[in-house]
Amino acid sequence: MICLPCDFYLGPAPEIARALLGMRLVRIIDGTRLSGRILETEAYSGEEDAACHARFGLTKRNAVMYGPPGRAYIYFTYGMHWCLNTVTGAEGSPAAVLVRAILPLEGLETISANRKGVPERNWTDGPAKLCKALEIDGSLYAAILCSDGSPLRIEQDAEIPDENIEITPRIGIQYAPEPWLSMPWRYRVIRLKGLQNEH
DNA sequence: ATCTAGATGACCT
DNA sequence: GGTCATCTAGATG
């Protein structure tokens, strides 16, 4: 399998969010592959985006968003959850795409163990759930996603036609004022037999 | 099926 | 001190 090139992540965050649907998120642990197909994403774009973690300017937490595209922005929230983003856009312009759901494809035994007690359809249908399933945490902050040797990377995989994509406002940003609250920057795969992960 | 409350700590004006 | 790009268990219809 071949990694997406670093310049894949160079464009506007909403475009990258759309383009990431169907791609394969790969996590290597002790030489073993855990992976899943990306089914849901959200774009966060620039200091002007009142829902973006860069809205207060450069901080220690969001610093990687200001760097070159194609790296992992991973943050800790609600006291217990890790979430994964891909940094997008040119160096100096903070933007990222949150990976919200995947369809597990490789390393199912490990994923199952990491999500013990949880029904299979709920293993990776949320941004913190997929991080738990693939063992993604702060130790992978700023990991390079566009390098074949990386422990965390994204590979070319399936093409998802527009008919199978739903576009909606972003989730969990009720604090944000308009127009950001209603910006249609959430992308989700729907109606694809075998690709769907949510009831 | 849908709702609610509580966890728990880093980060922010 | 308040907020948070969330998840889970438990209660209820």
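A, B, ... follow the sequence lines: proteins, then strands. Residue 1 opens every chain.
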Shortest side-chain distance from A:Tyr73, nucleotide among C:dT6, B:dA10, C:dA5: C:dA5
Nearest-Å distance for atom pair CH2/C1', residues A:Trp82 and B:dG9: 10 Å
Pair A:Ser139-A:Asp137, side-chain donor/acceptor within less than 3.5 Å: yes
A:Met65 CE to C:dA5 P, straight-line distance once rounded to whole Å: 12 Å
Atom-to-atom span, CZ of A:Arg55 to C1' of C:dA5 - whole angstrom: 9 Å
Pair partner, C:dG13 [Watson-Crick or wobble, under 3.5 Å]: none
For C:dG1, the Watson-Crick or wobble counterpart (both distances under 3.5 Å): B:dC12
Plane angle bin for A:Tyr141 and A:Tyr73 - parallel if under 30°, tilted between 30 and 60°, otherwise perpendicular: perpendicular
Main-chain N/O of A:Ala133 paired with A:Asn114 side-chain donor or acceptor, under 3.5 Å: yes
Between C:dC7 (C1') and A:Leu130 (CG): distance, integer Å: 13 Å
is_close_aromatic(A:His53, A:Tyr75), centroid dist under 6.0 Å: yes
Under-4.0 Å side-chain N/O to phosphate OP1/OP2 contact, A:Tyr175 with C:dA5: yes
Integer-rounded Å distance: C:dT6 C1' and A:His53 NE2: 11 Å
Over all atoms of both residues, closest heavy-atom pair of A:Leu130 and A:Ala101: CD2-N, 3.6 Å
Phosphate OP1/OP2 of C:dT8 contacted by A:Lys129 side-chain N/O (<4.0 Å): yes
Residue-phosphate contact under 4.0 Å: A:Arg100 side-chain N/O, C:dT6 OP1/OP2: yes
Between C:dT3 (P) and A:Ile173 (CD1): distance, integer Å: 17 Å
Between C:dA5 (C1') and A:Arg188 (CZ): distance, integer Å: 16 Å
Worked verdict on A:Arg27 versus A:Glu106 for salt bridge (Lys or Arg N to Asp or Glu O under 4.0 Å): CA-CA 10 Å; A:Arg27 172 84 171 102; A:Glu106 297 172 273; over 6 Å; no
Phosphate contact (C:dT8 OP1 or OP2) by A:Arg115 side-chain N/O below 4.0 Å: yes
Sugar-phosphate only, base, or nothing, as touched by A:Arg170 at under 4.0 Å among non-hydrogen atoms: nothing
Residue met sooner reading DNA chain C from 5', once A:Thr77 and A:Pro127 are mapped to nucleotides: A:Thr77
Closest-nucleotide 5' rank along DNA chain C - winner of A:Leu98 and A:Gly117: A:Leu98
Side chain of A:Ala128 - closest among C:dT8, B:dC12, C:dT6: C:dT6
Quiz item: A:Tyr78 side-chain donor-acceptor pair to B:dA7 base, under 3.5 Å: no
Nearest-angstrom distance from the residue atom CG of A:Asp137 to P of B:dA10: 14 Å
Phosphate OP1/OP2 of B:dC12 contacted by A:Thr59 side-chain N/O (<4.0 Å): yes
Verify stack between A:Tyr44 ring and C:dA5 base, 5.5 Å, 30 degrees: yes
Proximity to the side chain of A:Met80 - top-ranked nucleotide from C:dA5, B:dA7, C:dC4: B:dA7
